[in-house]
K.L.:
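Mind looking over this structure? Questions follow.
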Amino acid sequence: MYFQNPVFIPGPTNMPECLRKAIDMPSLDHRSSLFGEILHPALEGVKQVLKSETAEIFVFPSTGTGGWETALTNTLSAGDKVLAARNGMFSQRWIDMCQRHGLDVQVVESPWGEGLPTDRYEEILTADTAHQIKVVLATHNETATGVVSDIAAVRNALDAANHPALLYVDGVSSIGSMDFRMDEWGVDIAIAGSQKGFMLPVGLAIVGFSPKTMGMLDSATLPRTFFDIRDMAKGYANNAYPYTPAVGLLNGLKMATEMLLSEGLENVFDRHHRIASGVRAAVKAWGLDLCAVSPDLYSDTVSAICTPDGFNATDIATHAADKYDVAFGVGLGDVAGKAFRIGHLGSLTDVMALSGIATAEMCMVDLGLDIQLGVGVAAAQELYRA
Ligand SMILES: *Cc1c(COP(=O)(O)O)cnc(C)c1O
């Protein structure tokens, strides 16, 4: 078993050496101005990555899932109505969390492989003249199907319906890798995690709250203690946490945002787009289809690739791990066994992507798929050369 190969799962992503070193630090007093010199730049860096002037940033020792819970429990009360679409495993899990918290979720069933149904959202919001819907949930990038949705279009649906509902966006697999505009899109809560676009180990939930949602904290009655952002805000004001912070990870987060901002967010997005385009060129050369049904939905952070009927797509990930020590993502939920996933986000170059494409190709040939070695690699090489 070798640890030298890059991973091609859509999180956790590859960690740059400098971030691994930034995390590895001596213990320090987490109620000191020294801690403040780590915490506050990390929060400011996240705010810039979210493209927000006004958001308040909170970082918990948790994961993206804890970010969902932070959003719901700080702003809502049992029985509140929420509108959400189910178009993949992650949107499904967030819906499930809402239901377990006693929220009244209006679920719009959407085919897996399609984006958020903004036209349906607009119809439903327009029909809700009593304004019972409090929040619209949107999964920006459905990691299970490799589908990116148009958050500006969700905002337009809300505005066209003249509806005051808030917009909460799961950007766990998009933020820091694909364009995300919290203020411009009128996003009220944005949610990320440390182990995807931020290129860190798992361990942090990262959330941005708009001024409007900061005004809802005292009226929301869902139980919360660990995730109460009022306690967190009080802690931050004193260079501290309500409990013990993950200081090393926060130092990593500070440096990760510096890396993203010094590369330039637009350059980061262009790099992801180019790498993803190479993967898509390879998929086309293999004669396979993406799970995402149309090019406007193609995710620049993960590709879910459908394999022919009768073939178990999970075998590709198993074989890649066993024979080549390379990790690919398996299909989840409705597409389990029907698709495998190549994650192409975070710390990745064209050359690293070529190794993943070449490995996927070897696996598919080993497992008897009718694909000629080298065709996918060649298609990606042409794209990366151009
Ligand atoms: C990974 C992911 C999550 C869950 O994050 P965890 O850190 O595993 O809790 C939620 N939403 C999306 C879109 C994801 O890709």
Side-chain angles (χ1 to χ4, degrees), residues 7-15 46 50 58-73 84-98 100-101 110 112-116 136-151 154 167-180 187 189-208 226-227 246 249 252-253 256 272 276 291-292 297-304 327-336 339-346 348:
V7 293
F8 295 96
I9 43 178
T13 60
N14 301 295
M15 290 183 273
V46 169
L50 294 177
F58 298 97
V59 181
F60 291 88
S62 182
T63 74
T65 304
W68 289 340
E69 190 159 330
T70 302
L72 302 179
T73 57
R86 175 162 32 220
N87 67 335
M89 199 66 201
F90 291 91
S91 43
Q92 152 61 23
R93 285 187 187 154
W94 203 7
I95 289 168
D96 174 57
M97 178 184 277
C98 290
R100 294 199 212 183
H101 278 84
S110 301
W112 288 38
E114 291 191 5
L116 294 174
V136 176
L137 302 184
T139 302
H140 185 199
N141 187 70
E142 189 31 272
T143 318
T145 55
V147 164
V148 64
S149 286
D150 184 350
I151 300 301
V154 179
L167 174 58
Y168 295 178
V169 179
D170 171 350
V172 179
S173 63
S174 58
I175 289 169
S177 310
M178 289 191 284
D179 198 10
F180 189 89
V187 173
I189 298 182
I191 298 152
S194 50
Q195 79 276 25
K196 298 186 185 178
F198 289 105
M199 306 169 284
L200 295 165
V202 72
L204 299 176
I206 300 164
V207 292
F226 187 84
F227 290 119
L249 281 175
L253 183 61
H272 280 82
C291 211
L297 300 173
Y298 292 167
S299 164
D300 284 342
T301 60
V302 54
S303 296
F328 295 111
V330 296
L332 299 175
D334 286 7
V335 293
F340 75 104
R341 294 176 301 153
I342 300 182
H344 34 77
L345 74 163
L348 211 61

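Worth knowing before you read on, the calculation uses all heavy atoms, side chains too, and leaves out hydrogens, waters and symmetry mates. In listed order, ligands and their atoms are each counted from 1. Because the structure is a prediction, the values reported are computed rather than measured.
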K.L.:
Quickly, which of S177, S174, S173 forms a side-chain hydrogen bond (donor to acceptor under 3.5 Å, both in side chains) with N141? Name it, please.
P.N.:
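With N141 as partner, S177, S174, S173 yield a single side-chain hydrogen bond (donor to acceptor under 3.5 Å, both in side chains), made by S173.
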K.L.:
Which residues pass the salt bridge (charged side-chain N to carboxylate O under 4.0 Å, His left out) test with D179, sequence neighbours left out?
P.N.:
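Salt bridge (charged side-chain N to carboxylate O under 4.0 Å, His left out) check on D179 returns K51, R181.
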K.L.:
Taking only residues two or more places apart in sequence or in another chain, which ones pass ring-ring contact (aromatic ring centres under 6.0 Å, His included) with W68?
P.N.:
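Residues passing ring-ring contact (aromatic ring centres under 6.0 Å, His included) with W68: W94.
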K.L.:
Considering only heavy atoms from C-beta outward, does the side chain of T145 approach that of N87 to under 4.5 Å?
P.N.:
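Counting from C-beta outward, T145 and N87 never come under 4.5 Å.
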K.L.:
Once ring-ring contact (aromatic ring centres under 6.0 Å, His included) is applied, do any residues pair with F180, and if so which ones, sequence neighbours excluded?
P.N.:
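Per chain and number, F180 pairs via ring-ring contact (aromatic ring centres under 6.0 Å, His included) with H140, W185.
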K.L.:
Measure the shortest side-chain to side-chain distance between S303 and Y298 over non-hydrogen atoms and say whether it is less than 4.5 angstrom.
P.N.:
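Side chain of S303 against side chain of Y298, heavy atoms only: no contact under 4.5 Å found.
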K.L.:
Measure from every N or O atom of ligand 1 to the protein's N or O atoms and keep only the pairs below 3.5 Å, writing each with atom names and distance to 0.1 Å.
P.N.:
unit_1: ligand 1; atom_1: 7 (O); unit_2: G64; atom_2: N; d: 2.9
unit_1: ligand 1; atom_1: 7 (O); unit_2: Q195; atom_2: NE2; d: 2.7
unit_1: ligand 1; atom_1: 9 (O); unit_2: T63; atom_2: OG1; d: 2.5
unit_1: ligand 1; atom_1: 9 (O); unit_2: G64; atom_2: N; d: 3.3
unit_1: ligand 1; atom_1: 9 (O); unit_2: T65; atom_2: N; d: 2.8
unit_1: ligand 1; atom_1: 9 (O); unit_2: T65; atom_2: OG1; d: 2.5
unit_1: ligand 1; atom_1: 11 (N); unit_2: D170; atom_2: OD1; d: 3.4
unit_1: ligand 1; atom_1: 11 (N); unit_2: D170; atom_2: OD2; d: 2.6
unit_1: ligand 1; atom_1: 15 (O); unit_2: T143; atom_2: OG1; d: 2.4
unit_1: ligand 1; atom_1: 15 (O); unit_2: K196; atom_2: NZ; d: 2.7

